Amino acid sequence: MRYILRRLGFYLLAAWAALTLNFFLPRLMPGDPAAALFARFRGRLGPEAMQALRETFGLTEAPLISQYFTYLGHVLKGDFGISVAYFPSPVLEVIGTGLVWTIFLAGTAVIVSFTIGTLLGVVSAWWRRGLIDTWLPSTLVFIGAFPYFWLAMVVLYVLGFTLGWFPLGHAYGDDMTPGFSATFLADVVRHAVLPIATVVLVTLGGWLLSMRNTMIAVLGSDYVNLARAKGLSPWRVVMRYAARNALLPSVTGFGMALGFVLGGSLLTEIVFSYPGQGYLLVQAVRNQDYPLMQGIFLVITLAVLGANLLVDFVYLWLDPRTRGSA
Amino acid sequence: MSKPVLSMRNICVDYVTDRGLVRAIDSVSLDVIEGEILGIAGESGSGKTTLAKALLRILPPPAVITGGEAYFEGRDLFSLSEPELRALRWKRISMVFQSAMNALNPVITVGEQIIDTLLAHDAGTPGAARTRARDLLEMVGIHGECIDAYTHQLSGGMRQRVGIALALALEPALVILDEPTTALDVIVEKEILEQIGDLQRRLGFAVLFITHDLARMLQFADRVAVFYAARLAEVAPAEELRRAPRHPYTQMLLSTVPSIRGGKDRQESIPGAPPSLLDPPAGCRFHPRCDRAIDLCRERTPELRELTPGHSAACHLAE
Amino acid sequence: MKESTGAGATGIGLWWEAIRRDRKAAFGIVIVAAFVLVALIGPLFVGEPDDLVGMPLQPPSLKHWLGTTGQGQDVLAQLIAGTRVSLAIGFGVGIVVVMVGALVGVTAGYFGGRVDGLLSLLFNVFLVIPGLPLAIIIAAYLPTGPLTLGMVLVVTGWAWNARVLRAQTLAQRRRDFVAAAVVAGESSFRIVTREILPTMTSLLVAQVIGSTVYAIGAQVGLEFLGLGDVSAVTWGTNLYWAQNDAALLTGAWWTFAPTGICVAVVGFGLTMLNSGFDEITNPRLQLEHAWRAYLLKRGRLPERSTPVVVDHE
Amino acid sequence: MHRELAVSFAVLVIVLVGFACVRDVPYAPEGVLVVSQEQQSSWVRNFNPLTTAAAARWPTLAGIYEPLLVFNSVHAEHVPWLAVSYEWREDNRVLRIITRDGVLWSDGRPFTARDVAFTFGLIDSHPALDRNGVWGFLSGVHAVDDRTVDFHFERVFIPGFDEIVAQTIVPEHIWSDIEDPVTFPNENPVATGPFTEVRLFRNQVYELGRNPRYWQEGLPRVEALRFPAYPSNDRANLALVFDEVDWAGNFVPAIDRVFVKRRPEHHHYWFPLTGSTIFLYANTTRAPFDDVRVRKALSMAINRDLLVEVALFRYSRPAEVTGLSDVFASWPKPEIAEEANWARYDRARANALLDEAGLGRGADGTRHLPDGTPLKYEILTVSGWSDWVRASQVIARDLGALGIDASVRTYDFSAWFQLVLEGRFDMTLGWSFEGPTPYVFYRWLMSATTVKPEGETSTGNWHRYGSVAADEALEAFESEADPVAQRQLGLELQRIFVTEAPAIPLYPNPSWAEYNTSRFEGFPSEEQPYADPSPNKFGRGETLLVLTSLTPRRRP
C-alpha cells in the first residue's frame with residue numbers, strides 16, 4: 001500500500017507539473033496568443049465585443065500569480081475554458097467527442113503490441129539464434145524505424161485505397177448505431193485493424209528486444225537453472241520462471257511507453273481520420289486554438305498518468321516484493 | 001556397502017572463451033557411495049560448483065563437457081537425451097544451490113515452487129502435492145503456514161531450509177549440496193547441517209557436499225575430496241585426511257583450520273594465489289606455492305595415486 | 001544493461017573494436033557514413049531544391065530520377081537537401097540532449113541526497129508526461145524554425161538520458177578510485193569530469209546515437225504535422241508537402257516513399273551500430289557466441305542441457 | 001510452444017482475411033445525401049446561424065436557416081426566398097421588404113416579418129453577430145405588419161441591399177429568450193429551411209432530416225443530409241473517390257485522372273470560375289510599388305498560362321485585366337487596346353517599363369531603386385495552400401527574370417493574415433471580395449476611403465491603394481438603384497482599374513464542386529447551369545437552390 005501511495009503522490013506531483021507548465025508556457029513564450037486568437041475573427045469585432053471575448057477566454061490583466069490560482073481553480077472544477085475554433089463550445093465538450101476513441105486505439109495498440117512483442121521476445125530468447133531470433137528482431141527494428149504516420153500512409157494506400165480491403169477511415173461505419181451489438185463491435189474492430197496494426201508494427205520491435213535481452217539475462221540466473229534441474233518441462237521453465245521474472249522490467253517500461261505510443265497513435269489517427277484527439281490537437285495548433293490545445297494536452301497527460309497508476313497496480317500484483325515492504 | 005551410486009570417470013569440463021578453451025574440470029574420477037556424505041573441498045574457483053552443475057547438465061553456456069562419463073544408477077549421465085535427463089533430474093539427483101535467495105523464484109510462493117516440482121514428476125493431485133509440500137517444509141523445521149510465503153519474506157536460514165525441502169521433495173538417491181550454508185551465521189549453519197545429517201540418516205540418500213570450509217567438512221562428511229585448480233588433489237576418509245593429509249596443499253589447507261592443529265602454528269592463509277585456469281602452470285599445478293617442490297613437479301603432472309586403501313593423492317612426493 | 005566495460009581511454013576504442021568485429025555494427029556504420037557523405041557533398045550535385053523544375057507530380061524519369069513534387073520540384077534534390085538539414089538537426093539534438101542529460105544525471109548521481117531527490121523527481125516527471133503532445137504545444141507557441149524544433153526536442157528528450165546516467169554515476173561513485181579522489185581532496189568538478197565521465201565515454205556515445213535516432217524520428221513527426229518551418233527543405237517537410245499535395249490520392253508514391261525509407265534506413269543503421277556495440281561489450285553474449293561457434297564447428301547444435309563433446313583427436 | 005505460436009498466428013491471419021473479405025455495403029441509405037464541405041476531425045454540436053466566430057457551419061446558413069433572398073451567381077440574379085419582393089422608398093433611404101406568406105417555422109409557428117425585424121435587432125445589440133456589417137449603414141429595422149418590414153438607412157447605400165437580403169433569419173419566439181446569442185450552441189434548431197431535424201449527431205458524423213413543414217410543396221426530395229467528419233482535404237477526397245460522398249466542394253488535384261476516370265459515368269465535376277479573383281498585392285505605400293509603371297511591369301512579367309497550369313492543374317484561366325471573375329460575365333466589358341492590356345505576358349515590355357521607371361540593373365543583373373537599394377522582396381503566402389505556394393513560386397521565378405530578387409515566404413494562416421490585415425508586406429497573394437455587383441470588389445481594391453495606415457488593421461484594401469476617381473464612381477454606385485445605370489458605373493470602375501492597376505489579378509478562383517450521380521441526380525452542370533454547383537457557395541444562400549433541386553435515384 002505504501003508503494004501505491006508513493007506512486008500516487010508522484011503522479012499528483014506530475015499532474016501539477018503538467019498543469020503549471022500548461023499555464024506558464026503560453027505566458028513565457030514570445031508573441032501574444034490573444035492576438036493570434038483574434039485574427040480568427042477577421043477584424044470584424046468591435047472593441048466591446050473583443051473585450052467581452054477576452055474575458056470569456058480568461059485573458060485578463062490580473063497579476064500572474066492570481067491568474068495562476070484562478071486557473072488552477074477552474075481546472076479542478078473541470079472548466080478548461082472555451083474553444084476558439086469550436087466557439088462557443090467548452091473545451092471539455094470538444095475533447096469529450098473523441099477521447100474514448102483515442103484511449104481505445106492507443107490502449108489496444110499498446111496492449112496488443114506489448115503482448116505479442118513480449119511473447120516474441122520470449123521465443124526469441126529461448127531459441128537463441130533460431131530462425132526467429134536471427135531475423136525477427138532486426139526486421140522489426142527496421143520496421144520500427146519508419147515514422148508511424150508514414151507506415152500508416154503506406155498501409156492505408158495499399159490495403160485501404162488500392163486493394164479496398166479495409167475502410168479508409170472513421171471508427172465505425174457511419175450507418176452503424178453505437179451499442180453492444182455484435183455487428184457494431186465487429187465494425188469497430190474492422191475500422192481499428194489498420195490503425196492498430198501500424199502502431200503495433202512500429203512498437204513491436206522495442207518490446208521484443210527489451211524482453212529478449214532481459215530473458216537472456218534471466219535464463220542464466222540460478223532460479224532458472226534450479227527450475228531446469230527440477231526437471232520441469234521447458235514450457236514451464238520459460239513461462240513460470242524465466243518470462244514471469246523477465247516481464248518485470250518490461251512492465252516498468254510499459255508505463256513510460258504509454259506516453260510514447262499515445263503520441264504515435266495521435267499521428268496514426270490523423271492519417272486514418274480516426275475521430276480521436278490526434279487531429280483535434282493538430283487542428284487546434286493550426287487554428288491557434290490555445291485553450292483547446294492545452295486542454296487536450298492536459299487530458300492526455302492525465303490519461304497517461306492514470307494508466308501508469310494502473311500499471312503500478314499490475315506491477316504490485318506481478319512482483320510480490322513490492323507488496324510486503326512495510 | 002561400498003556400492004557407488006555415482007561413478008565419475010575422467011570428467012573434463014571446459015569453458016569456451018574467445019581465446020580458446022579453459023579447462024574448469026580436468027579428468028576428475030570419483031565415486032559417491034550409496035548413503036555416504038562425500039565432501040568436496042577447495043578454494044573458490046577450483047571447479048567444485050562446476051562439477052556439481054555438470055553432473056546435472058545444467059551448466060549454462062559457455063560450458064562444454066569435453067570428456068569422461070558419469071555413471072549414475074548404471075546409466076551415463078553424459079549420454080542421456082533431453083527427455084531422459086528431465087525425467088531423472090530431481091527425481092534421482094537433486095541439488096541445493098549456494099544461495100537460495102538467487103535460486104528461488106522471487107515472484108511465486110515457495111509452496112508453489114515445491115508443488116511445481118512434485119507435479120512435474122507426476123506425483124499425484126495438486127491437493128496431495130500441497131499437503132506433501134507442507135509436510136516437507138515442516139520436515140526441515142519451517143512452519144507449514146510459510147507455504148504461501150515469498151522468498152523475500154523469509155530469513156536467510158529459512159530460505160536455505162526451503163532449498164533443502166525442495167531437494168528432498170522427490171526422495172532422490174543423491175543430493176548435491178553446493179555450499180548450502182555460506183551466507184549464514186555460524187549457529188544457523190550448525191543447525192542446518194545437523195538437520196541435513198539427521199535427514200540423511202533417516203532417508204538414506206547419498207550426499208555430495210561442496211564447501212570451501214574444510215573444518216566444517218571434516219566434521220560433517222564421511223569422505224573428502226580436495227580440489228585444486230580444476231583437479232583432484234587428494235581423496236580420503238574424513239578422519240584419515242585430518243589425521244594424515246598426504247598432499248602439501250591439503251596440509252596447508254588444514255593448517256589454516258583453527259580447531260584442528262591448535263593455535264600456535266596456525267596460518268592465516270596459504271601464501272600465494274591459486275593459478276589462473278587460463279594459463280595453468282606446467283607439471284603439478286600447486287608447485288608455485290609448494291615449498292617442497294622439486295624439478296619433477298615442474299615437469300610432470302602427478303596422477304592421483306591410491307596410497308593406502310581409500311586414500312589417494314596427486315603428488316609426486318606422497319608416499 | 002549498458003555496463004561500461006573498460007576504462008575511459010578505451011571508450012572510443014571499443015567502438016572501433018565493435019565496428020571491426022561485429023557484422024551489425026559494421027553494417028550500421030556503413031549506412032550512417034553513406035548518409036553523412038550524402039549530407040555533406042550531395043547538395044553540390046543537385047540543383048536548388050526549391051526550384052520549379054517542371055510540372056507537378058511527374059513520375060520518376062531520366063530527367064528527374066525520383067520525379068517531381070506537388071510543387072513541381074525535383075524530389076531527389078529535395079531528398080538530398082533534406083538529408084543535410086535532418087541529419088544536422090538529428091545529430092545536433094542528439095548531442096545536446098545527452099549533454100543536458102549528463103549534466104542533470106551526473107549531478108544527481110554524484111551529489112546524491114536532496115539534490116538527487118529533486119533532480120530525479122524532475123526527470124521522472126518529464127519521463128511520464130507524454131512527449132509528443134508536449135512537443136506539439138511548445139512548438140505551437142514558438143516561431144517556427146530549426147532552432148525551435150531543436151529546443152523542443154531537447155526539452156522532451158533529455159530525461160531518459162539523465163535517468164540512465166544517474167544510475168551509472170551512482171555505480172561509479174561507489175568505486176574505489178572515486179573514493180580515493182574524494183579523500184585526496186579533489187574538487188567535485190574535477191572528479192566528475194576527470195574521474196567519472198571518462199569511464200562512461202562509450203555509454204555516452206551510445207546515448208548520443210540513441211538520442212539521434214529519437215531526434216530524427218520526432219523531428220520528422222513534428223514537421224509532418226506542419227510544426228516546423230514548412231518552407232525549409234527537410235525530410236519532415238518533404239513528407240508534409242507530400243501529404244499536403246495529395247500524394248496518396250494521386251498515387252504519387254515517389255513523393256513520400258523515398259523520404260520515409262531514408263528515415264527508416266538511417267534509424268536502422270544507427271540502431272544496428274548501437275546494438276552491435278552492445279553485443280561486443282556484453283561479455284556474456286560474447287562468450288555465448290564463442291560457445292555456439294565451438295559447438296557448430298564440431299557439428300553439434302547448441303542444446304539446452306550442457307552439451308557433451310568428446311574430442312577424438 | 002511452437003504449435004501454440006503457430007496456432008495463434010493462424011488465428012490472426014484468419015481474422016485479418018475475414019475482415020478483408022467483408023464486402024462493403026452501399027455507403028449510405030437511399031435518399032441520404034452525403035456531403036463533404038467543412039473539414040473537421042470531429043463534430044461539435046453547434047447550429048448557431050448568426051455566429052461569425054467559427055465561420056458558421058454551412059447548413060446552418062443555407063439549409064437549416066434561410067436568407068431573405070438567394071443570390072444565383074451563375075445567372076447573377078436574386079431569387080425570392082423568405083422575401084418575395086422589395087422596393088426602395090423615400091429617395092432610396094428606406095428599403096421595404098415583403099416576406100413570404102405561408103412559411104412555418106419547423107415547430108409549427110408561422111414565420112412573419114416580425115422575425116426579420118427581430119433578427120436585425122438582435123445583431124444590432126450583439127455586434128459580434130453582425131457578419132455582414134449591416135449596422136454600419138442601417139439606422140433602424142421595423143416590422144410594419146406581419147408581412148412587411150422596413151429598413152431605414154443612415155445614408156443612401158444601395159449596395160447594402162445585398163448584405164441585408166443575405167441575412168439568415170431566426171425565430172423571435174425562440175431567440176428572444178436566449179441569454180447570450182453569441183455563445184448559444186442552438187443544439188436543436190427551429191428554422192424555416194428544408195433540413196431542420198438533427199436526426200443523428202455523433203462526433204464522426206451527423207445527419208439533418210427533412211423539415212416536414214417546409215414551405216415549398218413536395219420539397220426537398222432528398223431524405224436527409226449526412227455530414228461525415230473528414231479531417232483533411234486528402235481524406236475527404238479519398239472518400240469522394242470511393243463513392244462515399246455524393247457532393248463535395250474540395251480542391252482535387254488532377255481530377256480527371258484521380259476522380260472522373262475511376263467511374264466516368266457517375267463521377268463529375270464542374271468548376272465554374274465564379275470564385276473570387278486571386279491577386280498579387282504589392283504594397284502601394286512602399287516604393288517602387290507606388291509607381292503604376294512598376295505594378296504594370298510586374299503584371300506583364302508573369303506568365304499566367306504557366307501559372308494556371310502549374311498551380312491549378314488548368315482548372316482556371318489567366319485573369320482578365322479588369323480583375324473580374326465570371327460572376328460578372330453578364331456585365332459589359334470596356335474596350336481595351338492591346339497595348340493597354342497589362343495582364344498579358346510580355347517580358348520585353350515589362351523590362352522597358354522598369355527601365356523607364358528608373359530601376360536600373362546592377363552588376364549582378366538585379367534591379368535597384370535610384371538610391372541603390374536592390375529590389376529584394378518576399379512574396380507572402382499561406383503554408384499548406386499549395387496552389388498559392390506554387391503560384392508564388394512561378395511568380396518569383398518570373399520576377400527573377402525581370403531582375404527582381406523575389407522569394408516565397410510561407411506563414412501559418414493567422415500569422416499571414418495578421419501581416420496582411422496590417423499591411424506589413426511587400427508582396428503577398430490574396431483573395432478579393434465578392435458580391436452580387438462589382439461595387440464591393442472594386443471598393444476593397446481601390447477606394448481611398450478604405451485606406452488605413454500601415455500597421456492598422458484593415459478589412460480589405462491590404463495593398464493600401466486609394467483612387468480619387470474610383471471614389472467618385474463608387475459613391476455614385478452607392479446611390480444608384482437602377483440596374484442599367486449600375487452597369488454603366490461598373491464599366492467606369494473597370495476603366496479606372498485598368499488605368500491605375502492598383503493590384504495584379506492572377507486568375508479567377510474556380511468554384512470547387514464534385515458530384516456523384518450514382519445515387520442522386522439534378523446537380524448543376526455545364527449543361528444545366530441553373531446555379532453554382534459548389535456546396536461552398538452558401539454565404540448568399542445559393543446551396544438552397546441545389547438542395548431543393550436534387551432527386552434521389554431509385555435503386556434498380
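It should be emphasised that the depicted structure is a prediction, and the values quoted were computed from it without experimental measurement. No hydrogens, no waters, no symmetry mates; every other heavy atom, side chains included, goes into these values. Chain letters run A, B, ... following the sequence lines, proteins first and then strands; every chain starts at 1.
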Visitor: Report which part of B:Leu56 has an atom under 4.5 Å of a heavy atom belonging to chain A: side chain, backbone, both, or neither.
Guide: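 The side chain, not the backbone.
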Visitor: What distance do A:Arg228 atom CZ and B:Lys53 atom NZ have between them, rounded to the nearest 0.5 Å?
Guide: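 A:Arg228 CZ to B:Lys53 NZ: 10.0 Å, rounded to 0.5 Å.
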Visitor: Could you tell me which non-hydrogen atom of A:Leu226 sits nearest to which non-hydrogen atom of B:Leu166, and how far apart they are?
Guide: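 Scanning both residues completely, I find the closest heavy atoms to be CD2-CD2, 3.9 Å.
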Visitor: Quick one: are A:Pro234 and B:Arg86 in side-chain contact, heavy atoms under 4.5 Å?
Guide: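 Yes, side chains in contact.
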Visitor: Keeping B:Asn105 on the side-chain end and A:Arg240 on the backbone end, is there a donor-acceptor pair under 3.5 Å?
Guide: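 Side chain of B:Asn105 to backbone of A:Arg240, a donor-acceptor pair under 3.5 Å: yes, one is there.
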Visitor: If you compare all heavy atoms of A:Gly231 against all heavy atoms of B:Ala120, which two are closest, and at what distance to 0.1 Å?
Guide: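 Looking at all heavy atoms of both residues, the shortest contact is O-CB, 4.1 Å.
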Visitor: Any chance you could measure A:Leu232, atom CG, to B:Trp90, atom CH2, to the nearest 0.5 Å?
Guide: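 Result: 9.5 Å between the selected atoms.
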Visitor: So which of B:Ile93, B:Thr117, B:Thr109, B:Leu85 has the largest heavy-atom pair count under 4.5 angstrom toward chain A?
Guide: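 The answer is B:Thr117.
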Visitor: Once rounded to the nearest 0.5 Å, what's the spacing between atom CZ of A:Arg236 and atom CG of B:Leu119?
Guide: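 One finds 7.0 Å between CZ of A:Arg236 and CG of B:Leu119.
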Visitor: What's the spacing between B:Thr151 OG1 and A:Tyr223 OH if we round to 0.5 Å?
Guide: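 One finds 10.0 Å between OG1 of B:Thr151 and OH of A:Tyr223.
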Visitor: For chain A, which candidate among B:Leu59, B:Asp116, B:Ile108 shows the most heavy-atom pairs at distances under 4.5 Å?
Guide: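 The option with the most such pairs is B:Asp116.
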Visitor: Taking all atoms of both residues into account, what is the closest heavy-atom pair of B:Gln113 and A:Lys230, and its distance?
Guide: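 Scanning both residues completely, I find the closest heavy atoms to be O-NZ, 2.8 Å.
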Visitor: Quick one: pull up CG in B:Asp178 and CG in A:Asp222 and give me the separation to the nearest 0.5 Å.
Guide: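 If I round to the nearest 0.5 Å, the distance is 8.5 Å.
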Visitor: Counting only non-hydrogen atoms closer than 4.5 Å, does A:Ser221 touch chain B with its backbone (N, CA, C, O), its side chain (CB onward), both, or neither?
Guide: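 Contact with chain B: none, neither part.
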Visitor: Working to the nearest 0.5 Å, report the span between CE of B:Met95 and CG of A:Asn225.
Guide: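 Rounded to the nearest 0.5 Å, the CE-CG separation comes out at 8.5 Å.
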Visitor: On a heavy-atom basis, which atom in B:Arg89 and which in A:Ala229 lie closest, and how many Å separate them?
Guide: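 Of all heavy-atom pairs spanning B:Arg89 and A:Ala229, the closest is CB-O, 3.1 Å.
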Visitor: Sort A:Leu318 into side chain, backbone, both or neither according to what part of it lies under 4.5 angstrom from a heavy atom of chain B.
Guide: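 Interface part for A:Leu318: backbone (N, CA, C, O).
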